[in-house]
Amino acid sequence: AQSVTQPDIHITVSEGASLELRCNYSYGATPYLFWYVQSPGQGLQLLLKYFSGDTLVQGIKGFEAEFKRSQSSFNLRKPSVHWSDAAEYFCAVGAGSSNTGKLIFGQGTTLQVKP
Amino acid sequence: EAGVTQFPSHSVIEKGQTVTLRCDPISGHDNLYWYRRVMGKEIKFLLHFVKESKQDESGMPNNRFLAERTGGTYSTLKVQPAELEDSGVYFCASSHWERGLAGYEQYFGPGTRLTVT
């Protein structure tokens, strides 16, 4: 069965420091991978997605993620964190056929940013 | 362009009562999804509409949950009767329907927080 694991429930980083959020997936076929962010009181916002091609994908707000098939990982990175990045981050894999859109999510990682 | 809206934002009901959640997708989006997050757990898929038809309802927990999408526009999710374990945040998402991968680019609403006491 497909699954997504985000090993870190909470992460605290200092403003200006680099960030890496981990995501591992279990999926038999070529995965479609996503990172979403949820700020307090807001809906989930799509940060970036990977369907195929270049394994390093760029997203909004200065985020990037790298797909590593050999490690079944899709880690999210940002070189310099801003206080406004404090939020909950979700990794997800697309399941089902290509036109159904069903997503399977990890448990989420809450990011706290220290001044 | 308006985003996905959900109503109410928060609902507190007693066990055994009925609650109806509403989702208004982005105009023109034929795909509509319901997800749920129980506290401390991951967000889980409930069901998927394409226009007014249920494409996949494999995630619906049991027959106390009824989802409808009349006319292929807004959708409602009714819980009757509500149980304590139904508490959580219910998210709605929408996307374009077309061949390929567009369905995965989902826009989420802010969610409805349901508390069953």
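Lettering of chains follows the sequences in order, A, B, ..., and the numbering in each one begins at 1.
There is a path of hydrophobic side-chain contacts, each under 4.5 Å, that joins A:L33 to A:I60. In the hydrophobic clustering of this structure, B:V38 does not group with B:L84; members are Ile, Leu, Val, Met, Phe, Trp, Tyr whose side-chain heavy atoms approach within less than 4.5 Å, directly or through other members. One hydrophobic cluster, built from ILVMFWY side chains closer than 4.5 Å, holds both A:I104 and A:Y89.
Remark: A:Y36 OH to B:F91 CZ distance equals 12.0 Å, nearest 0.5 Å. Atoms CG and OG, from A:L46 and B:S95 in turn, are 11.0 Å apart once rounded to the nearest 0.5 Å. In this structure, B:Y33 OH and A:L103 CG are separated by 7.5 Å, a value rounded to the nearest 0.5 Å. Rounding to the nearest 0.5 Å places CZ of A:F34 at 7.5 Å from CD of B:E105. Rounded to the nearest 0.5 Å, atoms CZ (A:F105) and CZ (B:R37) are 10.0 Å apart.
By the neighbour-count criterion of 12 heavy atoms within 6.0 Å, atom OH of A:Y25 is densely surrounded, having more than that number from other residues, nucleotides or ligands. Sparse packing is recorded around NZ of B:K15, with 12 or fewer heavy atoms of other residues, nucleotides or ligands lying under 6.0 Å away.
Nearest heavy-atom pair across A:G41 and B:P110 is O-CB, 4.0 Å.
Under the 4.5 Å side-chain criterion, counting only non-hydrogen atoms from C-beta, A:K102 is not in contact with B:H48.
Contacts between B:S58 and chain A at a heavy-atom distance below 4.5 Å involve the side chain alone, from C-beta outward.
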